[in-house]
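A short write-up of the structure that comes next.
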Amino acid sequence: MRLNQKLTIRDIQKLYHSQEKIVALTAYDALTAKIADEVGVHIMLVGDSLGMTVLGYRNTISVTLEQSLHHTSAVVRGVNRALVIGDMPFLSFQINSDETVRNAGKYLQEAGADGVKLEGGKIIAPAVSRLVDCGIPVVGHIGILPQRVIAEGGYRVQGKNDKEAALLCEDAEALENAGAFALILEGIPVNLAKKITNSIDIPTIGIGAGIHCDGQIQVAHDILGMFEDWKPKHAKHYGKLGQKVRSIFSDYANEVKNQAFPTDDQSFNAL
Ligand code: KIV
């Protein structure tokens, strides 16, 4: 793979065909995206998890198209190499086909993203197909669909029984046939994720879907340990950034109060 060159959908396909794991991560701002880009993340998703990680909402339902585009363009500005995917928020792709194209187009035209992600199975396959026909690359997303949290009454692992598993297999096939270039599998049993991964010819990217997926995605704030007292089962804390930030802010606040900051080192004198 070409070093330091912007990745394309074809590069993701090459990774997939050479059986190299695809590394995906969420990002919402330019500086964090720049760091993730520099360590070799292949796909940066500006997830609508933005609602909880950055905007302080209880779930993703409140995220608007404008907010999502705003953060997507920030991530695009921070990234040199990774593919940037905007996550179409609740009701931005369900109203009608023309509105879906217009909204999805904004991710490419206004925010500079490389594609969009849509939650949903075979019911949204016609929308995916229309976007792909218009030249808008699409990532699918099945399993737990956070935009259905109110309808479902919470987040529940999907595909645990035969009927649900069969429906998810049909969804995966429909999205592949509609032209999605990758498929996120969220919160499904390991063996079902393996079966789907083996049955379609586009990369699966798992979150809470086990080791057999072609790649993995995580919410950056989860793996950073930003939520101090909570960790979803699918995530691993690679650090305790929440605690670290708390201690840095606390040191700063104490030093201001005690007049230990600023010192001469942080002050300017006239010539
Ligand atoms: O919004 C998001 O961050 C996502 C990932 C969890 C896949 O959809």
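All ligand and atom numbering here is 1-based and tracks the order in the structure.
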Subject >> Flag if over 12 foreign heavy atoms under 6.0 Å of CG, N198 >> reply: yes
**OP:** Grab the two heavy atoms, one from Q218 and one from I207, that are nearest each other, plus how far apart they are.
**Re:** NE2-CG1, 3.9 Å
**OP:** Report yes or no: do D214 and T204 form a side-chain donor-acceptor pair below 3.5 Å?
**Re:** yes
Subject >> F261: partners by ring-ring contact (aromatic ring centres under 6.0 Å, His included), with sequence neighbours left out >> reply: Y252
Original post:
Are side-chain N/O atoms of T72 and Y28 paired as donor and acceptor at under 3.5 Å?
Top reply: no
Original post:
If you measure from the Lys or Arg side-chain nitrogens to the Asp or Glu carboxylate oxygens, is any gap between K6 and D114 under 4.0 Å?
Top reply: yes
Close N/O pairs between ligand 1 and protein, under 3.5 Å:
residue	atom	partner	partner atom	Å
ligand 1	1 (O)	D48	N	3.1
ligand 1	1 (O)	D48	OD1	2.9
ligand 1	1 (O)	S49	N	3.0
ligand 1	1 (O)	S49	OG	3.3
ligand 1	1 (O)	D87	OD2	3.2
ligand 1	3 (O)	S49	OG	2.5
ligand 1	8 (O)	K117	NZ	3.1

